[in-house]
Amino acid sequence: MAVVMRVGGAGRDRPESHTRQLLRARPNPLIWAKCLQLRGAHPAGPPPVPEWSPITVQRRANSFGVIMVTRQTVSLGRLYVGRVVTVHVSDSTLTIDLDDGPRNVHRTTDLPVRNVKAHRPRQVGHVSEHGRQVAHDLAAALNSLDTWPSEHMCQGGQARMTASSGSCSAIRMSWTAAQLRAFLETASDHRLFAFFRLAAYTGARRGELLNLRWRDVDLDTPQIHIGKGKDTYVFTTGWGEPVFPDTLSSLMPKLIEAHNKKTPGLPHARLHDLRHIHATTLLLAGVPVHVVAARLGHADPAITLRVYAHVIHEQAATAADVFADAVMNAA
């Protein structure tokens, strides 16, 4: 079938293929003067191609040691908690610069590289500066803990412990007072030194100290109140967020290892053992059980008696000598 086209004066008529109707096309709007301006112009070329070359981003690992890039989570381990790492993002792999060399991870998402946000981690310098100041003030107050009256070291603790039905002899004093002092001297250079000193000198639980707020700290008295305040946290990360509990638990063996590299002989101990060292030291020094129970936050002194029965038995063995000395030295 032949297609007929008729050319007119102002334009041309052509039939539309699917309707077979004559349509009038507009004349070319490009006049001769504009054609002269386009002489020597270069062709536009192909349309622009999206950028697929690798880009470099930075991500900060969270409290679990995990980063997220291109909507994909990558676990780096506890060693990198709170640290900033550099990631090279390509179309198929993620190359992460770690301490032991680059680590390649296969991408599991299809987010284009051009859509990856290459922003740097948020900076909160004012929080870090404030944290350094309050940590200095707290450390200065804690340095005088040796002279604090025992009734002012920790007050207001609420009972949150149930009776233990396990073996009481399982709790042993892992460190002596001299070993505890040696550990605190090693930890004194760390940013969280105040946490370990406060844990040792008050016997508070890990969660109680991590939840400690500034409104619960009285540096003039001095004393702390273990409660549920709503002020800012006393112990925070370098960028002002609450410290993950396992961070302190994993930090203590590292401090012990650092101490043993300089002065070997400090045995292994857990963070919770500081609580037991505190209670055992007080009981061996003759502090009444009900006073120790109040400091530990036990609802009933009977709980303290069951948990630290071995210490009570050691005191009972010397009770006769104490009585005899008192009678002999009486005026």
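Given the structure is predicted, the values throughout are model-derived calculations rather than measurements.
The hydrophobic clustering, which links ILVMFWY residues whose side-chain heavy atoms are closer than 4.5 Å, places I256 and L271 together. Taken together through direct or relayed side-chain contacts under 4.5 Å among Ile, Leu, Val, Met, Phe, Trp and Tyr, I55 and I96 form part of one hydrophobic cluster. Both I303 and L305 belong to a single network of hydrophobic side chains, linked directly or stepwise wherever heavy atoms of I, L, V, M, F, W or Y lie under 4.5 Å apart. Linking ILVMFWY side-chain heavy atoms closer than 4.5 Å, directly or via other members, places V243 and V66 in two distinct hydrophobic clusters. No continuous path of ILVMFWY side-chain contacts below 4.5 Å connects L209 to F244, so the two sit in separate hydrophobic clusters.
We find the CG-NE2 distance between D273 and H268 to be 7.5 Å, quoted to the nearest 0.5 Å. Note: L296 CG to Y308 OH = 5.5 Å, rounded to the nearest 0.5 Å. Taking CG of L94 as the start and OG1 of T108 as the end, the distance is 8.0 Å to the nearest 0.5 Å. A distance of 6.5 Å separates NZ of K262 from OG1 of T186, quoted to the nearest 0.5 Å. If you take CG on L76 and CZ on R103, they are separated by 6.0 Å, rounding to the nearest 0.5 Å. We find the NZ-CG distance between K254 and L79 to be 5.5 Å, quoted to the nearest 0.5 Å.
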Problem set entry | Stepwise side-chain contact (heavy atoms from CB on, under 4.5 Å) test for I277 and Q179 | CA-CA 11 Å; I277 295 172; Q179 290 173 330; over 6 Å; no

task: Mind running side-chain contact (heavy atoms from CB on, under 4.5 Å) on L266 and W175 for me, showing each step along the way?
output: CA-CA 8 Å; L266 188 63; W175 284 350; 3.8 Å; yes

Exercise for review: For side-chain contact (heavy atoms from CB on, under 4.5 Å), just list the numbers for R306 and H298, CA-CA rounded to whole Å, side-chain angles, deciding distance to a tenth of an Å, and then say yes or no.
Suggested key: CA-CA 11 Å; R306 286 193 295 268; H298 291 174; over 6 Å; no

**OP:** Please lay out, stage by stage, how Y80 and L98 fare under the test side-chain contact (heavy atoms from CB on, under 4.5 Å).
**Re:** CA-CA 9 Å; Y80 293 89; L98 302 178; 3.4 Å; yes

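Side-chain contact between D97 and V85 is absent, with no heavy-atom pair separated by less than 4.5 Å. With a 4.5 Å cut-off on side-chain heavy atoms, L255 and F196 count as touching. Counting only heavy atoms from C-beta outward, the side chains of V105 and Q72 approach each other to under 4.5 Å. When side chains are defined from C-beta on, L180 does not count as touching H278, because their heavy atoms never get closer than 4.5 Å. Side-chain contact between R270 and H276: present, with at least one pair of heavy atoms (C-beta onward) separated by less than 4.5 Å. With a 4.5 Å cut-off on side-chain heavy atoms, R83 and D99 count as touching. Counting heavy atoms from C-beta outward, P245 and L210 have side chains that approach closer than 4.5 Å. R205 has its side chain within reach of R275: a pair of non-hydrogen atoms, C-beta onward, lies under 4.5 Å apart.
With hydrogens and angles disregarded, a donor-acceptor distance shorter than 3.5 Å links the side chain of S250 to the backbone of T247. Without hydrogens or angle criteria, R107 side chain to S90 main chain gives a donor-acceptor distance under 3.5 Å. Without hydrogens or angle criteria, T109 side chain to T70 main chain gives a donor-acceptor distance under 3.5 Å. In terms of modelled atom types and a separation under 3.5 Å, the side chain of T263 and the main chain of H259 share no donor-acceptor contact. Of the possible donor and acceptor atoms, one in the side chain of S188 sits under 3.5 Å from a partner among the backbone N and O of E185.
Summarising the geometry of G265 relative to N260, their closest heavy-atom pair is N-OD1, 3.5 Å, with the distance given to 0.1 Å. Taking each heavy atom of A293 and P301 in turn, the nearest pair found is CB-CA, 3.8 Å. Residues G65 and V81 share a closest heavy-atom pair of N-CG2, 3.7 Å. The minimum heavy-atom distance linking V234 with R213 is given by the pair CG2-C, 3.6 Å. The minimum heavy-atom distance between S92 and H106, with the atom names listed, is O-ND1, 3.5 Å. Minimum interatomic distance between P242 and T237 (heavy atoms only, all atoms of both residues): O-CG2, 3.8 Å.
Judged by the 6.0 Å and 45° rule, R197 forms a cation-pi pair with Y201. Judged by the 6.0 Å and 45° rule, R78 forms no cation-pi pair with F64.
In the model, H225 has no side-chain atom that pairs as donor or acceptor with a side-chain atom of D218 under 3.5 Å.
Among residues two or more places apart in sequence or in another chain, the side chain to side chain donor-acceptor pair (under 3.5 Å) test is passed with R71 by none.
The aromatic rings of F235 and F195 lie perpendicular to each other, with more than 60° between the two planes, well past the 30° mark.
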